[in-house]
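Note that the structure is a prediction, hence the values are computed from the model and not measured.
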Amino acid sequence: MIGMMWYGGWGWGGWFVMAIFMVLFWVLVIVGVVVLVRFLVGGHHGHQGGLASSSGEPGWWLRFVRCS
């Protein structure tokens, strides 16, 4: 009876693929929760468009361009 359960299984390849998809599933769930919480809390408010950072300093790319 127990031998019949293991016959015709996926083997190690199936376990590996299942583990990869399980990790991907949980990553997507966590990212979705983070995005939803940031949206509901209002993390998208206060974002300034434009090139300068919110502290008034030039962006890193502008400093990089000035150095080269």
Participant: Residues two or more places apart in sequence or in another chain: which of them pass side chain to side chain contact (heavy atoms under 4.5 Å, CB included) with Ile20?
Facilitator: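 With neighbours one apart ignored, the set is Phe16, Leu24.
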Participant: Taking a hydrophobic cluster as the set of Ile, Leu, Val, Met, Phe, Trp and Tyr residues connected by side-chain heavy atoms closer than 4.5 Å, whether directly or through intermediates, do Trp15 and Val23 fall within one such cluster?
Facilitator: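 No, Trp15 does not connect to Val23 through the hydrophobic network.
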Participant: Side-chain heavy atoms under 4.5 Å apart, restricted to Ile/Leu/Val/Met/Phe/Trp/Tyr: what other residues fall into the cluster of Leu28, or is it alone?
Facilitator: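 Leu28 clusters with nothing; isolated.
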Participant: Give the cluster check for Val34 versus Val37: same hydrophobic cluster or not, with ILVMFWY residues linked at side-chain heavy-atom distances below 4.5 Å.
Facilitator: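 Different clusters.
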Participant: Could you work out, with side chain to side chain contact (heavy atoms under 4.5 Å, CB included) as the rule, every residue matching Val31, not counting sequence neighbours?
Facilitator: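 Val27, Val35.
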